[in-house]
Amino acid sequence: MYLDAIDLREFYNSRLGRQTRTRLRTKIRHIWPKVAGDRVLGIGYPTPFLRPFIGEAERVLAFMPASQGVFRWPQDEPSATALVNEHMLPLPDAAVDRVLLTHSLEMTDNPRELLGEIWRILSPGGRLLV
């Protein structure tokens, strides 16, 4: 089943979605306890999980695939989202330290190409969380 940004936003605004967001944020923070000075990028529909990194990481961005759609995020600050072609991410090589991949790998038409782009933009020693 293909989910677009509207479907995902509605889910994460529901009771079950809020519970899911809270539990996954806790798990993500356990895996990435410190991101001070890191450049963090979420790809897919990562915005429910990125807020805890704002103010700690050097930079926090959310890239949403063109086929999925995009919403402005965060609502109360300058936008950190971009609508992108997931197979040609608009970043130079080794540009980010951490990538959070959510609601993207299962919906892409070419997982190998997406993962290749992520590999390209990850810095040496960078981390990918799927």
How long is the span from the [atom1] atom in [X] to the [atom2] atom in [Y], to the nearest 0.5 Å?
| X | Y | atom1 | atom2 | value |
| --- | --- | --- | --- | --- |
| L61 | L91 | CG | CG | 7.0 Å |
| M107 | S67 | CE | OG | 9.0 Å |
| L128 | I118 | CG | CD1 | 5.5 Å |

Identify, with sequence neighbours excluded, every residue that meets side chain to side chain contact (heavy atoms under 4.5 Å, CB included) alongside [X].
| X | answer |
| --- | --- |
| I6 | D4, E10, F71 |
| P90 | F63, V84 |
| L83 | A66, V70 |

Is there a donor-acceptor pair closer than 3.5 Å between any side-chain N or O of [X] and the backbone N or O of [Y]?
| X | Y | answer |
| --- | --- | --- |
| D97 | R39 | yes |
| R120 | L115 | no |
| S79 | R72 | no |

Discussion item. According to ring-ring contact (aromatic ring centres under 6.0 Å, His included), does anything in residues 105-130 pair up with another residue at least two apart or in another chain? List the pairs.
Written reply: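 Applying ring-ring contact (aromatic ring centres under 6.0 Å, His included) to every pair that reaches into residues 105-130, excluding sequence neighbours, yields nothing.
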
Item to complete: Could you name each residue pair satisfying ring-ring contact (aromatic ring centres under 6.0 Å, His included) that touches residues 72-111, not counting sequence neighbours?
Response: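 Found Y12-H103.
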
Got a sec, which residues hit side-chain hydrogen bond (donor to acceptor under 3.5 Å, both in side chains) with [X], two or more places apart in sequence or on another chain?
| X | result |
| --- | --- |
| D38 | R98 |
| N110 | E113 |
| S14 | none |
| S104 | none |

Flag yes if [X] and [Y] sit in one hydrophobic cluster, no otherwise; membership is Ile, Leu, Val, Met, Phe, Trp, Tyr, and two members link when side-chain heavy atoms are under 4.5 Å apart.
| X | Y | result |
| --- | --- | --- |
| L89 | M64 | no |
| V60 | I31 | yes |
| L8 | L16 | yes |
| I43 | L122 | yes |
| F11 | L24 | yes |

Between [X] and [Y], is any pair of side-chain heavy atoms under 4.5 Å apart?
| X | Y | answer |
| --- | --- | --- |
| I28 | L129 | yes |
| R59 | V40 | no |
| L100 | V130 | no |

Worksheet entry | Residue pairs, two or more places apart or on separate chains, that pass side-chain hydrogen bond (donor to acceptor under 3.5 Å, both in side chains) and touch residues 16-32 |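 Only R29-E56 qualify under side-chain hydrogen bond (donor to acceptor under 3.5 Å, both in side chains).
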
Show me the donor-acceptor pairs within less than 3.5 Å that the side chains of residues 44-51 make with the rest of the protein, sequence neighbours left out.
from : atom 1 : to  : atom 2 : distance (Å)
R51  : NH2    : D76 : OD1    : 3.2

Discussion item. Could you work out, with salt bridge (Lys or Arg N to Asp or Glu O under 4.0 Å) as the rule, every residue matching D109, not counting sequence neighbours?
Written reply: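 Residues passing salt bridge (Lys or Arg N to Asp or Glu O under 4.0 Å) with D109: none at all.
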
